[in-house]
Amino acid sequence: MSDVLLAVESVTVRFGGLTAVDSMSVVVRPGAIYGIIGPNGAGKTTFFDTISGHRRVSAGRIEFRGNDVTHEPAHRRARMGLARTFQLGGIIPDLTALENVILGLDQARRSGAVLTDRRSDRAVALATLERLGVGGAADQPCVSLAAGTRRLVEVARTIAAGAHLVLLDEPGAGVHETESRELVRVIRALAGEGTAFLLIDHSMDLVFAACEDVTVMNLGKRIANGPPEAIRNDPRVLEAYLGTTAMRRA
């Protein structure tokens with residue numbers, strides 16, 4: 001069996017005369033933590049949208065678990081174990097953490113992604129929250145939770161539903177330093193068990209702490225790729241970020 005989980009080959013997205021994503025390629029293996037960074041307007045979210053099936057490609061090919069999913073809708077990719085979180089959050093604020101994970105399980109069952117009995121959903125959901133270190137928040141409404149805890153509840157929903165690959169869109173948004181470290185710890189632990197992660201974020205500290213491989217986009221194109229230390233000192237990356245010292249400190 002191939003050790004490639006996701007293979008994105010020369011994906012391009014055009015909006016009229018504008019090329020938002022220009023021949024982007026990425027390979028993600030089971031258990032990998034892969035980061036995509038870039039300045040505002042680089043095309044990161046549009047690229048994510050093509051992988052998850054929320055936007056059509058103009059050219060290129062996407063394979064997931066050995067299947068060509070280039071033209072498959074988002075719900076079919078989700079059924080195969082490709083999960084996506086969104087920058088503005090995908091949880092329902094008025095529901096508890098436990099209820100949100102149970103709801104995710106029910107949605108996954110309806111799509112055919114999981115085959116568990118509905119009667120076991122509460123136990124599975126609670127076990128997943130505890131596994132991610134947020135079991136104590138199970139009965140709290142998500143609106144009352146800290147940003148970092150809400151992010152972990154989102155991840156718990158995807159893991160409980162059997163995700164093989166989780167796309168994390170800005171997981172560090174609104175998260176303070178301690179929560180960010182906990183998020184990195186959980187991501188690394190789950191990756192060690194075989195779940196792969198592909199994330200985009202503006203927090204260089206989070207990306208460089210979590211990821212073993214990082215791609216940098218600018219104006220829709222990949223301008224650099226490699227381990228965090230190489231990316232940190234790449235002159236093309238520093239130029240794309242307008243020479244800010246933030247990259248050097250990260």
Side-chain angles (χ1 to χ4, degrees), residues 5-6 28-34 48-55 62-67 69 72-142 145 147-171 182-183 185-200 210:
L5 184 62
L6 173 74
V28 179
R29 292 177 168 79
I33 310 173
Y34 195 110
F48 247 40
D49 288 344
T50 65
I51 295 172
S52 62
H54 289 87
R55 188 175 298 281
I62 302 172
E63 287 191 4
F64 181 61
R65 299 180 67 190
N67 300 287
V69 297
E72 294 288 351
H75 71 273
R76 290 186 181 170
R77 300 185 199 196
R79 185 183 302 166
M80 296 170 63
L82 197 162
R84 163 89 184 266
T85 69
F86 291 87
Q87 183 176 353
L88 298 179
I91 57 177
I92 299 175
D94 292 337
L95 295 183
T96 67
L98 184 62
E99 289 168 340
N100 267 283
V101 178
I102 290 173
L103 179 61
L105 272 166
D106 187 61
Q107 291 171 335
R109 181 182 299 102
R110 291 172 187 273
S111 74
V114 298
L115 302 175
T116 58
D117 191 307
R118 183 175 281 103
R119 291 171 295 183
S120 67
D121 281 1
R122 181 180 177 85
V124 171
L126 183 57
T128 306
L129 288 169
E130 290 176 344
R131 178 179 167 198
L132 271 63
V134 288
D139 295 323
Q140 298 180 41
C142 284
L145 300 177
T149 304
R150 289 197 301 271
R151 295 289 187 278
L152 289 172
V153 172
E154 285 188 88
V155 174
R157 280 185 57 160
T158 68
I159 298 301
H164 295 274
L165 171 63
V166 181
L167 307 185
L168 295 175
D169 189 350
E170 298 284 355
E182 178 63 11
L183 185 58
R185 184 195 69 77
V186 170
I187 290 172
R188 285 189 161 187
L190 292 171
E193 297 172 5
T195 304
F197 290 85
L198 179 59
L199 63 93
I200 57 176

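Numbering of residues begins at 1 and proceeds along the displayed sequence.
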Quiz item: CD of Glu154 to CD1 of Ile91: how many Å apart, nearest 0.5 Å?
Solution: 5.5 Å
Self-check item: Identified side chain to side chain contact (heavy atoms under 4.5 Å, CB included) counterpart of Phe64 within the set Met80, Glu72, Arg77
Solution: Met80
Could you pull out all donor-acceptor pairs under 3.5 Å where a side-chain atom in residues 157-168 meets a protein atom, sequence neighbours excluded?
residue: Arg157; atom: NH1; partner: Gly90; partner atom: O; Å: 3.4
residue: Arg157; atom: NH2; partner: Gln107; partner atom: OE1; Å: 2.9
residue: Thr158; atom: OG1; partner: Val155; partner atom: O; Å: 2.7
residue: His164; atom: NE2; partner: Arg65; partner atom: NH1; Å: 3.1

Quiz item: Does anything in residues 91-101 pair up under salt bridge (charged side-chain N to carboxylate O under 4.0 Å, His left out), and if so which pairs, sequence neighbours excluded?
Solution: none
Self-check item: Heavy-atom closest contact (Asn100 atom, Cys142 atom, distance)
Solution: ND2-SG, 3.3 Å
Quiz item: Which pair of heavy atoms, one from Leu199 and one from Phe48, lies closest together, and at what distance?
Solution: CA-CZ, 3.8 Å
Quiz item: Do Gln140 and Thr149 have side chains that get closer than 4.5 Å, going by heavy atoms?
Solution: no
Exercise. Taking the side chain as every heavy atom from C-beta outward, state whether Leu132 and Leu190 have any pair of such atoms under 4.5 Å apart.
Key: yes
Quiz item: Of all heavy-atom pairs between Arg151 and Pro171, which one has the smallest distance, and what is that distance?
Solution: NE-O, 3.0 Å
Quiz item: Which heavy atom of Leu95 sits nearest a heavy atom of Leu103, and at what distance?
Solution: CD1-CD2, 4.2 Å
Quiz item: Hey, what do you get for CG (Asp169) to CG (Asp49), rounding to the nearest 0.5 Å?
Solution: 8.0 Å
Self-check item: Leu145 side, atom CG; Arg150 side, atom CZ - distance, nearest 0.5 Å
Solution: 7.0 Å
Quiz item: Got Ile102 and Asp106 here, is their nearest side-chain heavy-atom distance under 4.5 Å?
Solution: no
Quiz prompt | Contact summary for Val153 and Val101, nearest pair of heavy atoms | solution = O-CG2, 4.2 Å
Exercise. Sequence neighbours left out, what pairs pass side-chain hydrogen bond (donor to acceptor under 3.5 Å, both in side chains) with at least one residue falling in residues 185-197?
Key: Arg131-Glu193, Glu182-Arg185
Quiz item: Which pair of heavy atoms, one from Arg84 and one from Ser52, lies closest together, and at what distance?
Solution: NH1-OG, 3.2 Å
Practice problem: Calculate, to the nearest 0.5 Å, the distance between atoms CG and CG belonging to Asp121 and Leu105 respectively. | Solution: 4.5 Å
